Amino acid sequence: MKETVVSGIRSTGKLHLGNYYGALSNFVKMQEEYNCFFFIADLHSLTTHPTPGDLSRTVRDVVVEYLAAGIDPEKSTIYVQSDVPEVAELYLYMNMNAYLGELERATAFKDKVRANPDNVNAGLLTYPVLMACDILIHHGTKVPVGKDQEQHLEMTRTFGNRFNRLYDVDYFKEAFAFSYSDKLVKIPGLDGNGKMGKSNGDASCIYLSDTPEVIRKKVMRAVSDSGPTEMNQKKPEVIQNLFDLMKIVSTDDTLEHFENLYNNCSIRYGDLKKQLAEDMIIATEPVRSQIQALSNDDEYLKKVVKLGAEKAAASAHKTIREVREIIGIRKLY
Ligand code: TRP
């Protein structure tokens, strides 16, 4: 039996190059080996009260981008969380078993409280319970998440084990963080520090949906320095970042050409950036045009999302039936 992977995608998340060459390329490979459930976590996003228009648009955009990037709806189950109401039902049951103290101690919760002290709603507090249910509903054992979500996974194990103990069953399995490949390519941001990521601001990210004009503008504005002053000098991080990006999207010859210019101090960063932008545009062209095509194909999207909902519902329905039986929610009629 294939192991089950569950991954929730924040519905606010427009994909950037970092996702595309990093986590997402792993998702695409994982589909072959695992029973994968990828879902858009639209219920989770309600904690921040998006407008109805924004919510529905972003959910659709995320589906489009994941499909464009290579998630195959035949191999994987890609669905929208709210299409599977069993998740919300399980969430109700599991909430009876999640305690205020442990929920308040969660780091992500404390961060949110600090950031938005006026919006400390119950949904935010119980966010980890809903996340646990996303995983438990499919008996997922592998969850491809980053460090910031480890604590939520630990809570998922706590809730599952507590349920098992309370009802004296061996029902829910333990889920653990999973990285498909250790060799995650690091995609630097354009702002000179660290990773490409939304938290570092839009200017640091090249989004898959960015038009070529936008890509050119962002790359030309990327942080650099005043240039090397000594032959073969070590590159400072901001410059190394540009070269790292080039390594991903450009040919070896191009990379070598600019390495040489750098090493003999005749590099002009404007030229490097121009080349980098053009190579990025070429590298992302297939996925950009696929995004275009899919977002205009309502029929196909409907079909895919419906298929995903059906596959997810089959798995979720079985779990809920069993959970009700375990809890003692048994029909009188
Ligand atoms: N909390 C995750 C994040 O912020 C999103 C998420 C929701 C998730 N439910 C999940 C991830 C279940 C993995 C499994 O990125």
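Keep in mind that what you see is a predicted model, and the values were worked out from it rather than measured. One-based numbering, in listed order, for ligands and for the atoms of each.
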Check ion pair [X]-[Y] (N to O, under 4.0 angstrom):
X	Y	value
Lys110	Glu104	no
Lys318	Glu322	yes
Arg105	Glu102	no

Just heavy atoms, cut-off under 4.0 Å: does Phe39 contact ligand 1 by side chain, backbone, both, or neither? side chain
Which is it for Leu130 and ligand 1 at heavy atoms under 4.0 Å: side chain, backbone, both or neither? neither
Shortest reach to atom 14 (C) of ligand 1 by a heavy atom, considering only Cys133, Gly8, Pro128: Gly8
Can you list every side-chain hydrogen bond (donor to acceptor under 3.5 Å, both in side chains) pair that touches residues 212-228, not counting sequence neighbours? Asp210-Lys218, Arg216-Glu278, Asp225-Tyr269
Could you label the plane-to-plane angle of the Phe178 and Tyr180 rings as parallel, tilted or perpendicular, counting under 30° as parallel and over 60° as perpendicular? perpendicular
[X]: numbered ligand 1 atoms lying under 4.0 Å from its heavy atoms:
X	value
Val145	11 (C), 13 (C)
Val143	13 (C), 14 (C)
Gln149	1 (N), 2 (C), 3 (C), 4 (O)
His44	7 (C), 9 (N)

Of all residues at least two apart in sequence or in a different chain, which pass the ring-ring contact (aromatic ring centres under 6.0 Å, His included) check with Tyr79? Phe39, His138
Identify the protein heavy atom lying closest to [atom], giving its residue, its atom name and the separation to 0.1 Å.
atom	value
atom 1 (N) of ligand 1	Tyr127 OH, 2.7 Å
atom 3 (C) of ligand 1	Arg10 NE, 3.4 Å
atom 9 (N) of ligand 1	Asp134 OD2, 2.8 Å

For Tyr34, does the six-membered ring have the charged nitrogen or CZ of Lys2 within the cation-pi criterion, i.e. under 6.0 angstrom from the centroid and within 45° of the normal? no
